[in-house]
Amino acid sequence: MVFVEPMRNAEIADALSELATLYELDGAVRYRVLAYREAARVIRQSPVPVAELARQGRVTELPGIGKTLEQKILALLETGTIPAAEKLKRKFPPTLVEVTRIPGLGARTARRLYDELGVASLEDLREAAAAGRIRELRGMGAKVEQNILARLDRLAAEGPAERRLLSDVLPVAEELAAALREHPAADAVSVAGSVRRMAETCKDVDLIATASDGAAVARALAEHPQAAAAGTAGPNGTRITTHTGIAVDLRIVPPDTYGNLLQHFTGSARHNVVLRERAVAQGLSVSEHGITHVESGRVRRCATEEEVYAELGLAYIEPELREGRGEIEAAAEGRLPRLVEAGDIRGDLHCHTTLSDGHDSLGEMAEAARARGYAYLAVTEHSASHGFGNAVPAGALERRIEEVREWNAGAPRGFRLLAGAEVNIGGDGSLDYPDELLAELDWVIASVHTAFNMGRERMTERIVAAVEHPLVDCIGHLTGRLILRRDPYPLDAERVIEAAARTGTMLEINGNPNRRDLSEGHARMAAEAGVRIVVTSDAHRVATLDNIRYGVATARRAWLTRREVANARPWRELARLRKRARA
DNA sequence: GCCGTTTTCGGCCCGACTGTTTTCAGTCG
């Protein structure tokens, strides 16, 4: 059976992004090109299917999308192409778009190379550079040719610059920042950029520092054991590449502009654009060097970020919120949420032991959770039919419940284990334990682990059926996505969220850094709909209990407060929030 | 092409870097 799925946000965004480049090649005014790029960005990060919005005539509700873009999107959804793009593709060879993706080459240069040298593809580009024909053009020299060849070689060897999972980058960033802080000449050192914002993926690491001897600190980074290659280390910083291929930029500034630089390099780009546009309206100009009062020319330098935001009439904005999603308006109006913090989490509600597919025993996981300062830990093995690890048939789960009771009998005060399960949701929405057994458990998560390719409508009905089951307390990793590896399965998340709100079923933010599912967009939608959120580690060993930090990061990026996170409460309170306790 | 505490037209963030050029355009973050 073939399911025709509506076009995904990423596909719509790709089409608009390509059209932006085509317009740019065609010499369109800059702001039209920017409008298409911005629309592509907004669509790519939208938590709801934009195809659906467009069909309902609501796509212009998205910021940056007006009548013209609406028409283009509708044409794309109906015919699979955008007429304007087709027309431009008849004017330029489609491979010319690839030429603009070479770092350092933009659309204007690509257009000139096409017009003046007939370069229409990456192969043409290499030939022209190798033959020394590019230096014949006005404003181009031999250096340009060398750079083009080097970048073509790197593209061939490494492929396009890829983004990495936060969990691959964050430990490196923290280790390097800690090492620099140890240096006697270093004053303050901060991680900035997407790592500081705890984004799902990162391209590189930005470090910001002040120092009594900048060159010495830069040299310390260049000579760090993690550095495989380093640029020249000067008083203003340096750039290295780690052995794992991560690019790290260190920038060193005087203490009096440390806040300006940290704010600038924490971003996001969109946050800074909105911030600066607002500042312009107030007669101010914001840059990494300070805030200039345009009329008087007076420059205010800020040692801290708090001063930067205060100078602009804004409350301090947490890095996780700086994505240009309304945080600046909220900061101006004093209605920023007080974000949930790692220390608010009272217990973890999703983990595995050797009984299913974990690596550590029940006792080891319990001790580790207690040592973290948790008051409770729900042990939630996979059920019988998930298709990997050890199956846990009903009898084994009953023995596990006994084991948990016995452990609790000898447990130290202030900590308890909860008997739970991560029950597989069958293709028809059924669960693979009998209700009598589920009723004996303290905590039941239901998750999809099998049959991902069933179509949006059936998948939605399947999960809504689990949501409506009276003994399901929580739905695990709602969309099944694996960041950078596997798309979410087609699903009407809004309908599931509506059902969860209606039934009092909680939704999990799974802190496994590959998942972070709910995504921040879905988590924000769910919380706004009144759904209780649970932040978990989905730990499969003692060490990965630490993954809770990625779950908390997603919760913070979703604007969640402590009140909206159910496991920021003691178990007694949380237990009463379960729908089974309220029935 | 979008959008409105300077509203339906005229604006649209800011600076560094690069390579080329005697003052700047293009690109990037």
Side-chain angles (χ1 to χ4, degrees), chain A residues 16 19-42 59-73 82 84 99-113 134-148 150-151 161 192-194 197 202-206 208 231-232 234 236-237 239 247 249 251 253 257 260-261 263-292 294-295 299 308 312-313 322 324 328-329 332-333:
Chain A
L16 293 178
L19 180 53
T21 302
L22 288 166
Y23 273 136
E24 202 175 15
L25 285 168
D26 200 36
V29 292
R30 210 158 70 86
Y31 294 107
R32 180 153 68 148
V33 175
L34 284 177
Y36 279 87
R37 296 246 157 84
E38 173 61 10
R41 190 194 67 82
V42 165
V59 76
T60 55
E61 290 174 16
L62 293 173
I65 296 183
K67 282 280 161 210
T68 305
L69 270 152
E70 177 179 45
Q71 280 176 20
K72 298 233 167 32
I73 292 166
I82 303 172
V99 175
T100 68
R101 298 208 183 103
I102 299 296
L105 282 190
R108 306 195 77 99
T109 309
R111 176 66 191 271
R112 279 192 66 205
L113 293 172
I134 292 176
R135 71 183 69 179
E136 293 163 11
L137 270 51
R138 186 176 44 81
M140 308 261 186
K143 194 71 194 278
V144 172
E145 290 172 345
Q146 284 171 29
N147 288 342
I148 287 172
R151 279 158 186 162
S194 53
R197 301 197 311 276
C202 308
K203 197 162 63 48
D204 53 19
V205 172
D206 287 301
I208 305 296
T232 49
N236 302 321
R239 181 181 176 87
D249 267 318
R251 289 182 182 80
V253 289
T257 55
N260 300 106
L261 195 75
Q263 194 286 321
H264 174 79
F265 279 104
T266 297
S268 65
R270 184 64 203 159
H271 175 83
N272 285 350
V273 167
V274 178
L275 188 82
R276 289 165 181 191
E277 282 175 349
R278 185 174 178 281
V280 167
Q282 300 171 326
L284 300 169
S285 174
V286 177
S287 83
E288 61 266 48
H289 308 297
I291 301 173
T292 307
V294 176
E295 216 175 88
V299 180
V308 174
L312 298 170
R322 300 183 198 170
I328 288 165
E329 297 82 344
E333 294 162 17

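Numbers restart at 1 for each chain; the letters A, B, ... are given by sequence-line order, proteins then strands.
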Using a 4.0 Å heavy-atom cut-off to protein, can you give one letter per nucleotide of nucleotides 17-29 of chain B, 5' to 3': B if the base is in contact, S if only the sugar-phosphate is, - if neither?
--SS-----SSSS
[atom1] of [X] versus [atom2] of [N]: gap in Å, rounded?
| X | N | atom1 | atom2 | value |
| --- | --- | --- | --- | --- |
| R41(A) | dC2(B) | CZ | P | 15 Å |
| R278(A) | dC12(B) | CZ | C1' | 17 Å |
| N260(A) | dG15(B) | CG | P | 12 Å |
| I328(A) | dT5(B) | CD1 | P | 15 Å |
| Q263(A) | dC14(B) | CD | P | 13 Å |

Determine whether a donor-acceptor pair (N or O, by modelled atom type, separation under 3.5 Å) exists between the side chain of T292(A) and the backbone of V294(A).
no
Does R251(A) reach the main-chain N or O of I208(A) with its side chain, forming a donor-acceptor pair under 3.5 Å?
no
Taking only the [atom1] atom of each, what is the distance from [N] to [M] in whole angstrom?
| N | M | atom1 | value |
| --- | --- | --- | --- |
| dC13(B) | dC28(B) | C1' | 14 Å |
| dG10(B) | dG15(B) | C1' | 25 Å |
| dT27(B) | dT20(B) | C1' | 14 Å |

Nucleotide nearest V273(A) when distance is taken to its side chain, options dG1(B), dA16(B), dC13(B)
dC13(B)
Would you indicate which nucleotide in dC14(B), dC13(B), dC2(B) comes nearest to any side-chain atom of T68(A)?
dC2(B)
Can you tell me if S285(A) touches the phosphate of dC14(B), counting only side-chain N or O atoms and a distance under 4.0 Å to OP1 or OP2?
yes
Does H271(A) place a side-chain N or O at less than 4.0 Å from the phosphate oxygens OP1/OP2 of dC13(B)?
no
Do R270(A) and E38(A) sit within salt-bridge range, that is, some charged N less than 4.0 Å from a carboxylate O?
yes
Is the glycosidic torsion of dT7(B) within 90° of 0, making it syn, or is it anti?
syn
Contacting residues from residues 28-38 of chain A, given that a heavy atom lies under 4.0 angstrom of DNA chain B
Y31(A), R32(A), A35(A), Y36(A)
Using heavy atoms to find the nearest nucleotide of DNA chain B for Y23(A) and V286(A) separately, return the residue whose nucleotide is more 5′.
Y23(A)
May I ask which nucleotide in the shown strands pairs with dG26(B), Watson-Crick or G-U wobble, both distances under 3.5 Å?
dC17(B)
Under 4.0 angstrom, heavy atoms only, what part of the nucleic acid is A39(A) near: base, sugar-phosphate, or nothing?
nothing
